[in-house]
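Below: the structure, in structure tokens.
All figures in this text were calculated on a predicted structure; none of them were measured in a lab. Throughout, a chain's letter reflects where its sequence line sits, starting with A, and its residues are numbered from 1.
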Number of protein chains: 2
Amino acid sequence: MRAVVIKDKELYVEERPDPVPGDTELLVAVRAAGLNGADMIQRLGFYPAPPGVPADIPGMELAGEVVGIGSQVTRFAVGDRVMGVVGGGAQATLAVIDESHALPVPSTLSWPEAGGFPEVFETAHDALFSQGELTMGDRVLVTGAAGGVGTAGVQLAAAAGAVVVATVRDPARHAEVAALGAATVIDPSEVAEHGPYDVVLELVGAASLPDVLPHLATGARVVVIGVGSGSTVSVNLLTLMGARARIGGSTLRARNRREKGNVAAAVEAHVLPLLASGRITVPVCHTFALDQVEAAYAQFGAGSKLGKIVLVA
Amino acid sequence: MRAVVIKDKELYVEERPDPVPGDTELLVAVRAAGLNGADMIQRLGFYPAPPGVPADIPGMELAGEVVGIGSQVTRFAVGDRVMGVVGGGAQATLAVIDESHALPVPSTLSWPEAGGFPEVFETAHDALFSQGELTMGDRVLVTGAAGGVGTAGVQLAAAAGAVVVATVRDPARHAEVAALGAATVIDPSEVAEHGPYDVVLELVGAASLPDVLPHLATGARVVVIGVGSGSTVSVNLLTLMGARARIGGSTLRARNRREKGNVAAAVEAHVLPLLASGRITVPVCHTFALDQVEAAYAQFGAGSKLGKIVLVA
């Protein structure tokens with residue numbers, strides 16, 4: 001197979017031995033693999049691959065056709081269209097994925113859309129619903145809403161009947177985020193004026209959270225997923241006590257195989273129907289061939305447009 | 001009636017007009033009224049009474065006989081033994097309590113035990129179970145466990161099948177806290193050695209919490225109830241994200257009538273059977289007559305013994 005390989009912080013495309021699926025794994029001919037922030041961090045050497053995953057081939061999500069299956073696979077067969085989150089190795093022409101982490105691709109979805117769906121939608125769904133216990137009518141704040149997890153979170157929260165307030169620093173992107181379902185799109189400096197918030201999807205970190213905490217509704221749930229602006233914050237416990245509120249954090253990558261399967265199953269049950277019907281969409285702003293991986297990563301770093309950047313076969 | 005009255009931070013016992021029960025309230029001849037930290041703070045002028053509660057008569061909990069009922073009362077009748085949490089006014093010979101906040105007193109309980117039960121057990125039960133989602137087998141840390149809420153929390157957690165680790169600063173009181181059901185009683189400096197913790201009942205605040213946060217189990221729930229040592233802490237969000245943990249806070253006094261009724265109902269359903277059977281006990285270390293209120297508050301401030309201090313009629 002051909003694969004993106006990281007060596008000394010540089011990206012190459014090289015020939016590598018084909019992976020062999022384990023008992024419960026699918027071998028997938030990758031048709032599309034979305035880029036994520038984790039890839040950028042892995043390139044810099046700060047995101048070690050978990051055990052059993054190729055350490056030098058990046059890629060946290062994929063979509064493609066099943067071309068081989070392990071001896072205990074029951075959910076999928078050769079020829080099926082699948083997509084899912086993996087611990088690494090997705091940016092290649094072949095990859096393996098545990099069948100409990102794979103989702104069927106709705107027929108309405110293009111390959112780039114499918115390849116850009118799993119990581120951000122699983123992250124946002126788990127944060128909003130499993131961690132944040134979002135319910136209909138909640139007032140939800142999504143900070144840094146123009147990013148991948150943010151655009152997924154805005155759509156999911158709005159689809160579930162929440163009222164979404166989204167912070168977006170670049171005014172040029174406010175209209176696009178509103179079109180995804182946010183009731184109100186604001187500059188981060190305006191957070192105080194649009195609360196109180198029942199659920200907060202915190203995607204920015206230390207530069208955002210202190211401004212949010214004084215504006216929590218009674219019983220509020222704050223879920224921290226992104227800390228790009230810093231990870232240490234000063235918290236006034238009396239604020240939490242008065243609002244009976246809580247602050248939690250979460251990552252998908254630290255979870256074990258079973259727990260990742262639970263996240264995938266929740267998205268299959270609750271998000272796939274909306275994706276199939278078009279109620280939820282996967283914005284894709286650029287696609288690149290595998291050989292153009294350096295340009296793809298550069299585009300991701302530039303980050304000027306809303307939507308996923310996806311490598312395609 | 002006779003009542004404890006706060007004037008310029010001093011305590012007096014004075015004659016006052018009898019309270020009149022509202023439509024859903026009970027008039028109670030108070031037989032016992034426990035002292036709480038909130039009384040000490042109210043005496044200093046920092047704990048304003050909520051609307052509808054006498055501003056200058058302290059007392060957050062009571063036990064006594066029903067001597068009158070409002071027109072819409074259905075749960076209790078004149079002559080019943082009741083106990084419960086009130087917004088103030090319990091340290092008097094007569095007081096009113098909403099019937100939804102009153103619990104029947106098990107026949108096995110003495111008046112001082114009944115008068116010292118509601119506040120700390122409702123606080124600890126709500127924190128551990130409603131906020132902290134404590135379940136059988138959880139490893140629970142109770143910090144400052146020798147206090148009123150702490151001794152209630154240790155007993156409740158142990159009774160529910162949790163493994164309780166308790167921090168107690170005074171070595172002389174370790175054996176007493178162990179006798180309440182703590183599997184391990186430690187000095188606060190030893191928190192790191194006995195984790196990771198699934199649930200933390202934080203009763204100390206800023207002097208304790210930073211030492212606890214690095215030792216949370218996956219999915220841990222920290223509930224902050226006491227901040228006597230300070231309320232501002234620095235939190236590393238990556239620690240929360242890695243453990244998929246959350247920090248929440250809570251107070252009972254800020255809740256509305258309906259919400260306080262929910263807390264009382266939960267304690268009635270889940271704790272009263274254990275109190276009636278003797279599985280849960282109310283340690284009472286001193287009782288004082290109403291006229292000795294100054295000595296009672298002085299004893300509370302000295303805080304050298306484990307158990308409640310209760311004013312009795």
Side-chain angles (χ1 to χ4, degrees), chain A residues 41 46-47 123 126-127 130-133 143 199-200 202-210 212-213 216-256 258-260 262-263, chain B residues 41 46-47 123 126-127 130-133 143 199-200 202-210 212-213 216-256 258-260 262-263:
Chain A
I41 298 168
F46 298 122
Y47 212 144
T123 299
D126 183 75
S130 300
Q131 311 294 321
E133 295 174 21
T143 65
V199 173
V200 178
E202 178 55 70
L203 302 171
V204 174
S208 168
L209 193 55
V212 173
L213 294 182
L216 300 179
T218 299
R221 293 83 71 195
V222 178
V223 185
V224 181
I225 296 297
V227 291
S229 68
S231 58
T232 302
V233 296
S234 175
V235 173
N236 185 336
L237 300 171
L238 289 171
T239 302
L240 293 184
M241 291 167 70
R244 211 182 315 151
R246 69 188 202 214
I247 305 171
S250 183
T251 65
L252 289 189
R253 212 184 200 191
R255 302 191 194 183
N256 65 31
R258 176 183 56 79
E259 292 169 324
K260 287 176 179 171
N262 289 338
V263 176
Chain B
I41 298 169
F46 298 122
Y47 211 144
T123 299
D126 182 75
S130 300
Q131 311 294 321
E133 296 174 20
T143 65
V199 173
V200 178
E202 177 57 69
L203 302 172
V204 175
S208 168
L209 193 55
V212 174
L213 294 182
L216 299 179
T218 299
R221 295 83 72 195
V222 177
V223 186
V224 181
I225 296 297
V227 291
S229 69
S231 58
T232 302
V233 296
S234 175
V235 173
N236 185 336
L237 300 171
L238 289 171
T239 302
L240 292 184
M241 292 166 69
R244 210 183 316 150
R246 68 189 202 213
I247 304 172
S250 181
T251 65
L252 289 187
R253 212 185 201 190
R255 303 191 194 183
N256 65 30
R258 176 182 56 78
E259 293 169 324
K260 287 176 179 172
N262 290 338
V263 176

(Q) Between B:Val224, B:Asn236, B:Val233, who has the most heavy-atom pairs with chain A when the cutoff is under 4.5 Å? (A)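 The answer is B:Val233.
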Q. For chain A, which of B:Gly230, B:Ser231, B:Gly219, B:Gly205 has the most heavy-atom pairs under 4.5 Å?
A.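 Between B:Gly230, B:Ser231, B:Gly219, B:Gly205, the count favours B:Ser231.
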Q. Any side-chain donor-acceptor pair under 3.5 Å between B:Ser250 and B:Arg255?
A.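 Yes, because at least one side-chain N or O of B:Ser250 sits under 3.5 Å from a partner of the opposite role on B:Arg255.
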Q: Against chain A, label B:Gln131 side chain, backbone, both or neither, depending on which of its atoms sit under 4.5 Å from a heavy atom there.
A: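 It is the side chain, since no backbone atom gets that close.
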Q: Examine whether an atom of B:Val235 lies under 4.5 Å from a heavy atom of chain A, and if so say whether it belongs to the side chain, the backbone or both; otherwise answer neither.
A: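 Both backbone and side chain.
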Q) Which bit of A:Ile225 comes within less than 4.5 Å of chain B, counting heavy atoms only: side chain, backbone, both or neither? A)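 Backbone only.
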Q: Please look at A:Val227 and chain B and tell me whether the side chain, the backbone, both or neither of the residue comes under 4.5 angstrom of a heavy atom of that chain.
A: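 For A:Val227, the side chain is the part near chain B, not the backbone.
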Q.
Before you tell me yes or no, could you show the steps for B:Ile247 and B:Leu213 under side chain to side chain contact (heavy atoms under 4.5 Å, CB included), namely the whole-Å CA-CA distance, both residues' side-chain angles and the distance that decides it to 0.1 Å?
A. CA-CA 9 Å; B:Ile247 304 172; B:Leu213 294 182; 3.8 Å; yes
Q | Nearest heavy-atom neighbours spanning A:Lys260 and A:Leu252 | A |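 A:Lys260 and A:Leu252 have their closest heavy atoms at CE-O, 3.4 Å.
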Q: Write down the atom of B:Ala206, the atom of B:Ser229, and the distance for their closest heavy-atom approach.
A: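 Heavy-atom minimum between the residues: N-OG, 3.3 Å.
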Q) If you measure from CD on B:Glu202 to OG1 on B:Thr143, what distance do you get to the nearest 0.5 Å? A)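 The OG1 atom of B:Thr143 is 3.5 Å from CD of B:Glu202, to the nearest 0.5 Å.
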